[in-house]
Each structure stands twice: as structure tokens, then as C-alpha cells.
Amino acid sequence: MLERTLVTIAETETIEEAFRRLNANMLGILFAQDASGRIVGAVTDGDIRRRMLTGITIQDRVASCINRNFVWAPIGGPREQILKLLDQRVHVVPILDGEGQLVDVFSRELFNLSEESEVFARARSPVRISFSGGGTDLTHYFVANDGGAVISATIKMYAHATLRRRSDPSIRIYSHDFRRTVEADNLAELGTGGDLALIKSVVRLIKPTYGFELEVSADFPVGSGLGGSAVVSSAIIGCFNEFRGDQWDRHEIAEMAFQAERLMLNIPGGWQDQYATVFGGFNHMEFFSDQNTIVPLRLDPNIIAELEESLVLCYAGSGRDSGAIHRDQKAQHETSDAVAAAAKQKEVTRDIRRHLLRGQLLECGRLIDEAWHAKRKLSSKISSEAIDAIYDFAKQHGAVGGKLLGAGGGGYFLFFVRPFERYQLIAALEQQGHRCSRIMFEENGLRTWKSRVPARLA
């Protein structure tokens with residue numbers, strides 16, 4: 001902005017002083033102020049010369065030359081409004097605050113850009129439902145048994161993260177779901193265990209060189225069986241990725257989420273959750289000792305719509321410990337029952353992929369039933385009498401097949417139901433006190449973007 005004294009003048013000043021300031025600012029205009037500093041009009045070189053033709057002198061006051069019907073714009077107004085004024089009416093536009101005080105001056109050549117706004121990074125990562133193959137994505141299994149295979153799809157239920165960089169090294173992390181806050185003076189003081197251990201693990205893996213504020217929330221309960229911990233981790237990594245010049249790709253983000261949870265925190269589990277949430281959509285995944293392959297399934301939109309109408313989510317309650325279940329699976333994986341059950345899981349996964357692509361959804365429902373019975377044999381902790389009772393009840397009231405999502409022990413059931421029997425099933429389950437909901441598939445995986453609080457125009 002030009003020096004204020006070069007663009008303003010008191011209405012009590014002389015015309016001689018007005019000429020001096022007009023010569024100095026090179027704009028050809030001044031803005032006249034009253035005794036309180038409020039802008040009351042504009043004075044141009046032409047205005048003064050026309051008045052001097054009537055007999056006034058350079059010692060007369062500026063007030064005699066003021067155009068009080070002048071063009072101006074309010075502070076914080078749209079930039080386009082000022083550009084339109086400059087495009088058709090005037091060469092200079094003063095910006096006034098609510099008290100009529102001058103804040104800035106814009107011209108066709110002098111247009112101050114707003115100061116750089118504060119930038120936030122945001123991320124949203126979807127949960128997944130798995131149709132078959134859970135347990136074969138555990139490293140100890142697929143390394144010893146010539147690979148594992150899983151089919152899963154992401155749905156419109158998310159973990160959300162927001163990240164703001166600080167100018168100092170201090171850290172503040174808040175989880176809306178746990179209602180917990182963790183604060184530290186710097187990364188070295190953040191620690192490892194205790195509250196929000198997973199989030200701390202992700203941050204320690206990333207090693208940011210700046211302080212930050214991070215908030216995390218989720219649309220799903222803890223222990224849902226929807227891959228929630230991987231979803232939260234991926235959203236956090238996605239936020240930090242927004243501030244990188246050399247950004248991590250989707251494979252790297254999924255592998256970082258796996259490392260933070262499985263290796264750094266030593267929580268047993270498979271690989272599918274991290275890839276599912278980052279890649280999004282329907283995927284057939286294969287896991288081998290040397291590589292993981294993620295193959296998107298291109299389903300007809302009508303097949304996806306019909307599948308949405310054929311599936312019901314039913315919450316069976318929390319209280320599960322996925323790590324304990326996976327540890328028990330590892331202990332049992334060489335027993336004959338577990339080996340046969342895992343082989344059956346892989347076989348069913350291949351069959352479900354074929355029927356999904358062809359839109360043969362009733363067959364998929366029956367195969368999901370087979371997959372659940374096979375999965376139950378991987379560990380005695382996967383199911384329980386209460387869980388079996390819910391499943392049997394659903395089968396009696398219209399479900400063709402279903403499975404408990406995630407490691408087992410609690411969380412969400414996924415049920416497949418024939419047309420005209422969906423609401424009968426939902427009503428029966430809700431009468432038993434179980435919360436049911438629809439499924440809407442999400443074709444996108446992890447989404448990240450920057451957001452800003454717009455600075456005022458001046």
C-alpha cells in the first residue's frame with residue numbers, strides 16, 4: 001500500500017497541499033478526511049482545476065473541491081467486485097472499514113494480494129468390508145502356504161484427520177473418539193505408549209520436522225471389525241503427505257500404516273486393511289512373501305447398486321481384541337483344521353471374484369456363508385455362543401449368508417439377503433436389540449487435500 005499521507009488529505013487542507021500530494025502519489029486522486037479521519041469524498045486533479053476556473057485559489061480549502069459521491073469498496077468484500085469497478089468506472093478504488101476509515105487503495109496497476117493464508121491439511125479414509133479371505137493375509141500364513149487372497153470393498157464410513165503446522169516444535173494431538181489429548185514440547189518428548197499409542201506410532205514413523213496440531217475422529221466405533229486402526233493411520237499419514245514436496249504413493253502409505261501398527265506397536269494382524277482403505281473400491285488382493293498385488297475389480301454400476309440393496313450391516317457389539325485373535329490364529333495355523341479352513345478361504349475368494357464380476361450375487365451370498373464357516377475354524381476366539389446365536393437368528397429370518405467382519409470376536413456382521421426379505425431381516429434383528437444399517441460403497445480410497453481460512457482482502 002502507498003504511504004497513507006500520500007493518498008489522503010484533510011478536507012481543511014489547502015488546494016496547494018493537494019497538488020503537492022497528487023504529484024507525489026502519481027495516482028491523480030486523493031481521498032478527503034473529516035476531523036474524525038473518516039473518508040468523506042474524493043479529490044482529483046480535474047476536480048480542482050474545474051473549481052479554480054470558478055475563481056478559487058490554491059490557498060482555499062480542499063473541501064470546496066470534494067466529490068462526495070465517490071466510488072469505494074468495503075473491507076473483506078469480493079475481489080471480483082473491485083476488479084469490476086476498475087474495469088468500467090474508475091481507475092482507483094479506496095477500501096474502507098466499517099467506520100469509513102481508509103484501509104487500502106487498489107488501482108489497475110496497484111492491486112495488493114492478500115497475505116498468505118494459514119493452510120490446513122485434511123484427510124478422509126474409508127473403512128472396508130471383506131467378503132472372503134480374512135486370515136490368509138497374515139504374513140505367517142501366506143509365507144508358509146504359497147500366498148493368501150482377499151476380496152474387500154470400501155464403504156462410505158470414514159476416519160477423518162486435520163493437521164495444522166505450527167511455527168514452534170510443540171505437538172498437540174486430540175482424538176474425538178477417545179476424548180483424549182496428548183501434548184508434548186517436541187517430537188522427542190512425545191513418547192510411545194499410553195494414550196493414543198497408535199497415533200504416536202504413526203507420528204514417530206513420519207518424523208515431522210515441525211510442530212503441529214492434529215485432530216482425529218471416526219464414523220465407526222472402536223473394535224468395529226472394519227479395519228478402523230488402519231483407516232485412522234492412513235488418514236494421519238495422508239495429512240502429513242500433503243505438506244511434502246515429494247509425496248508418498250499409495251503403496252508407500254499403506255505400507256507405512258502397516259509398519260506403524262504391526263511392527264512398531266507389535267499388534268498382530270493382516271495386510272488387507274491398509275491397502276483397502278488407501279486404494280478404495282472393490283479389490284482382489286494377493287499376498288506373497290516377495291510382493292503384494294492389488295487388482296481393482298471393475299464391476300458394472302448396476303451390480304454394485306444391487307449389491308448395496310442386498311447387504312445389511314448389523315452391529316454385534318464391541319469387546320473384541322483383534323491382536324489376541326490373530327495371535328491365537330498364528331498359534332493354531334499349522335493344525336489340520338486351520339490349514340484346511342485357510343485353503344477353503346482362498347478357494348471361496350476365487351469363486352466370489354468370479355460371481356461378483358458376472359453379477360451372480362445370490363451365489364456370492366452363499367459363498368460368504370461358506371467363508372464364515374471356514375473362518376471360524378481358524379481360531380476358537382473368532383466366534384462365541386452369542387455371536388453364533390446372532391448368525392443363526394439372521395439365517396432363520398432371511399439371510400442367505402453372512403460373516404463377522406474383521407478378526408472376529410465382535411464388531412459388525414455382514415449379511416446377504418434376497419429381495420423382499422431385507423426389511424424382514426432388519427426388523428427381526430432390531431427387535432433383538434441389534435443396530436442395523438445400509439451399505440453404500442465408496443469407490444475412492446484415501447483422499448487428502450489442503451484447506452485454508454481465507455485472509456481478508458485487506
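This is a predicted model, so every value here is computed, not measured.
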Which distance, rounded to the nearest 0.5 Å, do you find between the CD of Glu242 and the CH2 of Trp449?
9.0 Å
Would you give the length of the straight line joining atom CZ of Phe240 to atom OG1 of Thr448, rounded to the nearest 0.5 angstrom?
13.0 Å
Give a yes/no verdict on a cation-pi contact between Arg165 and Tyr210, requiring under 6.0 Å between NZ or CZ and the six-membered ring centre and an angle within 45° of the axis.
yes
Please tell me if the side chains of Phe131 and Cys364 come closer than 4.5 Å, counting only heavy atoms from C-beta onward.
no
Can you tell me how far apart CD1 (Ile352) and OG (Ser132) are? Round to the nearest 0.5 Å.
4.5 Å
With no hydrogens and no angle check, is any side-chain donor or acceptor of Thr277 less than 3.5 Å from a backbone partner on Pro126?
yes
Lys450 charged N/C atom sitting above Phe243 aromatic ring, 6.0 Å / 45°
yes
Salt bridge present between Arg68 and Glu11 (N-O < 4.0 angstrom)
yes
Working for side chain to side chain contact (heavy atoms under 4.5 Å, CB included), residues Tyr275 and Phe287
CA-CA 11 Å; Tyr275 287 106; Phe287 304 95; 4.2 Å; yes
Applying side chain to side chain donor-acceptor pair (under 3.5 Å), which residue pairs with at least one partner in residues 43-59 are found, sequence neighbours left out?
Glu16-Gln59, Thr44-Asp47, Asp45-Arg49, Asp47-Arg50, Arg51-Thr54
Can you list everything that forms a side-chain hydrogen bond (donor to acceptor under 3.5 Å, both in side chains) with His160? Sequence neighbours excluded, please.
Asp219
May I ask you to decide whether Arg438 forms a salt bridge with Glu309, counting only side-chain N to carboxylate O separations under 4.0 Å?
yes
One pair to check against side-chain hydrogen bond (donor to acceptor under 3.5 Å, both in side chains): Thr162 and Glu215. What are the steps and the verdict?
CA-CA 5 Å; Thr162 301; Glu215 292 193 1; 5.9 Å; no
Leu30 vs Leu22, side chain to side chain contact (heavy atoms under 4.5 Å, CB included): CA-CA, chis, key distance, verdict
CA-CA 7 Å; Leu30 292 171; Leu22 285 169; 3.7 Å; yes
Would you please name every residue forming a salt bridge (charged side-chain N to carboxylate O under 4.0 Å, His left out) with Glu213, sequence neighbours left out?
Arg164, Arg166
Minimum heavy-atom distance Cys314-His434, with the two atoms named
SG-CB, 3.6 Å
